[in-house]
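Structure first, commentary second.
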Amino acid sequence: MVDLATQHRTMRTKMNAAISKVARSGDYINGEAVKDFSSNLAAYTGAKYVIPCANGTDALQIALMALGLQPGDEVIVPNFAYVAAAEAVALLRLTPVPVDVDPETFNIDVQKITNSLSLKTKAIIPVHLFGQCSDMAPILKIAKENALYVIEDNAQSIGSVYTFPSGERLQAGTIGDIGTLSFFPTKNLGCYGDGGALLTNNEELAQKMQMVASHGQTTKYQHELIGCNSRLDTLQAAILDVKLPFLDEYIQARQQTAQAYNKALEARSDLYEIPKCIAASTHVYHQYTLKVKLDKRDALQQYLKKRKTPTVIYYPTPLHRQPAFRGVIRIGSDLGETEKLCKAALSLPIHPELTEEQIRYITDLLVNYE
Ligand SMILES: *Cc1c(COP(=O)(O)O)cnc(C)c1O
């Protein structure tokens, strides 16, 4: 699904120099590269404040802790997504309220958010799934009308741009109160281990999140609140700083691959539904996710596997069917679309190193599938 070793070879000299520089400095925690990368990431995203942390799941937890939510408060999360957002909510004894997604875009269904609100609802976590922004204009409107915080889980869509009806354009992760990022190796901007960050334009929240991520400290050994320990290693920050200037190229390569897939697969609309883009958002194709019709998804996956073509099912089980969340969530509206998607969605290999020959091999298999 990815080819990280090949990617490393394309920038081996620069990368080895950056890694070696950190190794020689001995400054392995909160070193120079952490500050450099944070300010470069702020410049790239347009966020006023960047708070680096250990991974994308921690970022969600730190965001929720900084908002000061109380046990029993409810947080809206998409029912079709990676588990991290709902998990962070539940870990803090808040109640996840899973909401169905739009079957066309895989992102949270705005209409169904309204139907799922209660007097206890305090926040919404839209997950920008597979590389495309959730529909943020109506989500912000609902949030404003109901005094809700908005945390964007932007682990999959760094670099994606959302355009408001007014024409204002903002990067994913800088639209709500807080945006969270993951630098897990397979993400569009990945490090060589674990990493994450929080984005915000709110100074007070930025200070609070910085404090939470560092044992609730104001100054050394002064603990203002109960926090956690979540840091981005200097080494990972240095690696990310080498890769950040290439992010737009990586995104363009992914978009080209997606166009090639779209073009080839349109001929088989009897069998495949190609991913739909909303006009308001650019798509950075963290995943290229098809819907396979006629219950043929699993057979197709086996067929491809036998022909050395990996695919992944993101995600096989809706949140509300996960054993860990039994008795933990509140269900406020119908979740039927998620059930259908879990049976139809199939993600194809997509990454900047994919060659034209590989793309042709994959599309030939798909187009000729009986
Ligand atoms: C990867 C991912 C996360 C978690 O990031 P980690 O760095 O692995 O903790 C959270 N949310 C989404 C949508 C993700 O894809």
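If you're wondering where the values come from, they're calculated on a predicted model, not measured in any experiment. For ligands, and for the atoms within them, numbers begin at 1 and follow the listed sequence. Atom set for the values below is all heavy atoms of this structure, side chains included, hydrogens, waters and symmetry mates excluded.
- Atom CD of E224 is surrounded by 12 or fewer heavy atoms from other residues, nucleotides or ligands within 6.0 Å.
- With ring centers used as reference points, Y162 lies 6.0 Å or more from H128.
- Membership of the apolar cluster around L4 extends to V2, as traced through chained side-chain contacts below 4.5 Å between ILVMFWY residues.
- Residues satisfying the side-chain hydrogen bond (donor to acceptor under 3.5 Å, both in side chains) criterion with T317, sequence neighbours excluded, are absent altogether.
- Residues V50 and L198 have side chains not in contact (no heavy-atom distance under 4.5 Å, counting atoms from C-beta outward).
- Within 4.0 Å of ligand 1, protein heavy atoms belong to N55, G56, T57, Y82, A84, V127, D153, A155, Q156, S182, K187, listed by chain and number.
- Under the salt bridge (Lys or Arg N to Asp or Glu O under 4.0 Å) criterion, E273 pairs with K291, not counting sequence neighbours.
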